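In what follows, every heavy atom counts, from backbone to side chain, and hydrogens, waters and symmetry copies are set aside. The sequence lines fix the lettering, A, B, ..., with proteins before strands; numbering per chain opens at 1. Everything quoted here is computed from the prediction, not taken from an experiment.
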Protein chains: 2
Amino acid sequence: MKNHEDVKHIKEYGNNPRYLSNIQINQRKVKVTSNLLKALYEASIAVLAVPSAFVSNVLNELPAHAFDNKMIVSAIKGMITGDNMLITEYVAKRFNIPLASLCIIAGPCHSEEIALEKKSYLTIAGTNIDSATHVASLLNCRFVKTTCSTDLHGVEYAAIMKNIIAIACGLARGLNYGDNFQAVLVSNAMNEMKKLLTTLHPDTARNMIASAYLGDLLVTAYSPYSRNRTLGYLVGKGYSVKAAQAEMNMIAEGYYAVACIHELNKKYNIEMPIVKAIYNVLYEKISPAIEIRILENQMI
Amino acid sequence: MKNHEDVKHIKEYGNNPRYLSNIQINQRKVKVTSNLLKALYEASIAVLAVPSAFVSNVLNELPAHAFDNKMIVSAIKGMITGDNMLITEYVAKRFNIPLASLCIIAGPCHSEEIALEKKSYLTIAGTNIDSATHVASLLNCRFVKTTCSTDLHGVEYAAIMKNIIAIACGLARGLNYGDNFQAVLVSNAMNEMKKLLTTLHPDTARNMIASAYLGDLLVTAYSPYSRNRTLGYLVGKGYSVKAAQAEMNMIAEGYYAVACIHELNKKYNIEMPIVKAIYNVLYEKISPAIEIRILENQMI
C-alpha cells in the first residue's frame with residue numbers, strides 16, 4: 001500500500017481503515033507492506049489491483065525484470081490512458097514478457113458481496129489455459145466458484161465496456177427513466193460490446209450471454225454497489241462530473257475507460273451510440289438529458 | 001370484462017377499480033363491455049389479454065368463425081395448460097385460421113411504467129411482417145417505440161421462459177443470495193432459453209441479446225414490479241406456494257408456465273437446470289434452499 005498510515009493501521013487493528021473496514025484481515029495469511037519491490041520479490045504470483053489511471057506510474061517504479069518468471073494476474077477493469085492499451089498488453093510490452101504469463105480476474109463479482117461470503121463466480125481468462133486453471137484453483141473456495149476462459153482480450157474489453165454501460169444505466173435512472181428503458185439500454189449495450197469484441201478480437205466460439213460477458217455487465221449495471229452506476233446517477237440528477245466524482249470515495253473506472261474506447265475507436269469507427277453519448281456527457285459537457293434523448297431514438 | 005360491477009365502475013368513474021386505478025381511462029376511445037361477442041364483432045383487431053390459465057375457457061365461449069378476417073394479437077406470456085401449446089398455436093388450430101393472422105406483443109415492458117408514460121419499447125412478432133408492422137404502427141406513440149420481428153414462436157417462448165427465470169431470481173433473493181449470484185443465474189438462464197428456442201424453433205438469424213429476448217428477461221428479472229419475481233421472493237422467504245399466491249393480487253404466469261415447459265420437455269430432454277429447480281419447488285414441494293444449492297453447482 002502507498003499510504004504508510006494505512007499499513008500501520010492494518011498491522012495494529014487488522015482492518016483497512018478505508019474500504020470494507022468491518023472485514024477482519026487474517027495477518028497470518030496477509031502481509032501488508034508499503035515496499036512494492038520487497039512484496040514482489042517474495043511472490044510467485046503478482047495480482048495487479050490499482051486503479052487503471054495509476055498503473056503506469058506504479059509500474060514505472062519497477063526494474064525491467066521485476067516480473068520475470070512470475071504469473072501476473074490483472075484485476076483491473078480499465079485501460080492505460082494515453083496509450084489506450086489493455087493492461088495485459090501494456091504489461092507484456094513494458095516488461096517484455098510473454099502474454100502467456102498474464103491472466104485476468106473477471107466478474108460478475110462485487111467485492112462487497114465477496115466480503116460477506118455471498119456465493120460468487122469468477123472467470124479467470126488467459127491465453128495459456130494451464131496458467132489460468134492454476135490461478136483459478138487458488139481462488140476457489142466455499143463461496144467462490146471459478147471458471148476459465150482463453151478469451152483474454154475479449155473478456156478484458158468486456159469488463160471495460162461494462163463500466164461505461166453502467167454509467168449510462170445510472171444516467172438514465174438519474175433522469176427518471178424506468179426499468180423498461182434500462183432493459184432496452186442493456187440489450188443495446190450488449191450489442192455494442194459484441195461489435196467491439198468482434199472487430200478487435202474476432203472469436204467465433206465466444207458466447208456473449210456467458211457470465212464473463214453478460215453476467216459481468218449485469219452485476220455492474222443493476223447493483224446499487226456499482227461505483228460507475230452511481231457516477232452516472234449523480235450526473236443524471238444534475239451534479240457536474242467533477243462534483244459527482246468528489247462525492248465518491250472510490251474511482252469510477254468507466255470515466256477513464258470511455259475516453260480510451262472513444263480514442264481507440266477513431267481507428268475502427270465502430271458504431272457505438274452508448275459509448276458516444278457517455279463520452280459527450282463526461283468530456284464534452286453536453287447535457288445528459290439531450291444525450292439520452294438522442295439514444296432513445298437509436299435503441300431498438 | 002367478466003365482472004359487471006367493474007364495467008359499471010369504469011363507466012361511472014373512468015378508472016379500473018382493481019389495477020392501475022389512478023389512471024384515467026379515456027371513454028371516448030375505450031369502450032368497456034362484458035359482452036365478449038359484441039366487442040369482437042365490432043373489432044378488426046382483437047388483442048388477447050387474459051391470464052393464460054383462463055384462455056381456453058374464454059375462447060370456448062366463441063363461435064367457430066369468431067376470428068375470421070380479423071388480426072389477433074396475443075399479449076399473453078404463457079401457454080395453454082394441459083395442451084402445452086403456445087397461445088398463437090392454440091388459437092390458429094382451434095379457430096382454423098392461418099398463423100399469418102396472428103401476432104404477439106412482447107416486452108421489455110411493465111404496464112406500470114407504460115401507465116406513467118415512461119419511455120418503453122415493444123416488439124411485435126408475427127410470421128407476416130406486414131401484419132406485424134401494421135399492429136406496430138398502431139401502438140407507436142410519444143412514449144412507446146415498436147420494432148418488429150418474424151420470429152413469432154421464438155419470441156413467444158422467450159416471453160414464457162422469462163417468467164420462470166424471474167421466479168428463480170426472486171427465490172435466490174428471498175434466500176439471501178446477492179447481486180453476484182443473480183447475474184450468474186441470469187446468464188445461465190439465457191443459455192437455457194437459447195437451448196429451448198434452438199431445439200424447438202431453430203433460427204440462425206436469431207440474436208439472443210436483442211431486446212425481445214434479453215431485454216424482456218431483464219425487466220422481469222430485475223424489476224420490483226415483477227409478479228413472478230415477487231412469487232419467488234415470498235417462497236424463498238419461507239411462504240408456502242399457496243400462501244405466496246394468496247398474498248398477490250395478480251397471477252404469476254411463471255407458475256403455470258414452468259409446468260407446461262417441464263411437461264413439454266419430456267419429449268425433448270433439454271438440460272434446463274433452472275426450469276427443473278423451479279418446477280421442483282413449486283410442484284414437488286422440494287425446499288427452495290436445497291434446489292438453489294443444487295443450482296449453485298450447475299451454474300458457470
Side-chain angles (χ1 to χ4, degrees), chain A residues 107-114 116-123 143-148 172 175-194 207-226 292-293 295-297 299-300, chain B residues 107-114 116-123 143-148 172 175-194 207-226 292-293 295-297 299-300:
Chain A
C109 194
H110 278 297
S111 57
E112 290 83 350
E113 290 193 349
I114 291 275
L116 292 167
E117 303 195 351
K118 292 207 180 232
K119 183 83 181 191
S120 301
Y121 296 70
L122 296 172
T123 300
F143 51 91
V144 174
K145 185 177 168 183
T146 52
T147 46
C148 293
L175 287 160
N176 217 21
Y177 286 77
D179 296 333
N180 292 346
F181 184 74
Q182 174 160 10
V184 170
L185 188 62
V186 170
S187 293
N188 281 268
M190 278 299 293
N191 199 40
E192 282 190 32
M193 187 192 280
K194 188 181 176 181
N207 178 12
M208 292 301 294
I209 57 178
S211 292
Y213 311 94
L214 174 61
D216 204 14
L217 168 60
L218 290 181
V219 82
T220 310
Y222 280 99
S223 177
Y225 292 129
S226 166
I292 297 279
R293 183 61 62 94
L295 270 188
E296 263 191 24
N297 298 317
M299 302 289 97
I300 50 167
Chain B
C109 194
H110 278 296
S111 56
E112 289 84 350
E113 290 193 350
I114 290 274
L116 291 168
E117 303 195 350
K118 290 205 181 233
K119 183 82 180 190
S120 301
Y121 296 70
L122 296 173
T123 299
F143 51 91
V144 174
K145 185 177 168 183
T146 52
T147 46
C148 294
L175 286 160
N176 217 21
Y177 285 77
D179 295 333
N180 291 346
F181 185 74
Q182 175 160 9
V184 169
L185 189 62
V186 170
S187 293
N188 281 267
M190 278 299 294
N191 199 39
E192 283 191 30
M193 187 192 281
K194 188 181 178 181
N207 179 11
M208 293 300 294
I209 58 178
S211 292
Y213 312 96
L214 174 61
D216 204 14
L217 167 60
L218 290 182
V219 82
T220 310
Y222 280 99
S223 178
Y225 293 128
S226 167
I292 297 278
R293 183 60 63 93
L295 269 188
E296 262 190 24
N297 297 317
M299 301 291 96
I300 50 169

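- Contact count versus chain B (heavy atoms, under 4.5 Å) is highest, among A/Ala212, A/Ser223, A/Ala221, for A/Ser223.
- Proximity of A/Lys119 to B/Tyr177: side-chain heavy atoms (C-beta onward) are separated by under 4.5 Å at one or more points.
- A heavy-atom distance below 4.5 Å is found between the side chains of A/Asn207 and B/Lys194.
- Considering only heavy-atom pairs separated by less than 4.5 Å from chain B, the leading option among A/Thr123, A/Asn176, A/Thr146 is A/Asn176.
- With a 4.5 angstrom heavy-atom cutoff, A/Tyr225 touches chain B only via side-chain atoms.
- Separation of atoms CD (B/Gln182) and CD (A/Glu113) is listed at 10.0 Å; rounding is to 0.5 Å.
- Using a 4.5 Å cut-off between heavy atoms, A/Lys145 contacts chain B through its side chain alone, with no backbone atom that close.
- For chain B, the option among A/Ile114, A/Leu214, A/Val184 with the highest count of heavy-atom pairs below 4.5 Å is A/Val184.
- Considering only heavy atoms from C-beta on, A/Asn180 stays 4.5 Å or farther from B/Lys118 through its side chain.
- Residues A/Ser211 and B/Ile300 fail the side-chain proximity criterion, which asks for heavy atoms closer than 4.5 Å.
- Only the side chain of B/Thr147 comes within contact range of chain A, judged by heavy atoms closer than 4.5 Å.
- B/Tyr121 places a side-chain N or O within donor-acceptor distance of the main-chain N or O of A/Glu296, the cut-off being under 3.5 Å.
- The minimum heavy-atom distance linking A/Ala183 with B/Gly215 is given by the pair CB-O, 3.3 Å.
- B/Tyr222 has its side chain out of reach of A/Asp179: every pair of non-hydrogen atoms, C-beta onward, lies at least 4.5 Å apart.
- Contact of the B/Ile209 side chain with the A/Asn188 side chain is not registered, since no non-hydrogen atoms from C-beta on lie closer than 4.5 Å.
- Ranking B/Asp216, B/Val219, B/Asn297 against chain A, the residue ahead of the rest is B/Val219, based on heavy-atom pairs under 4.5 Å.
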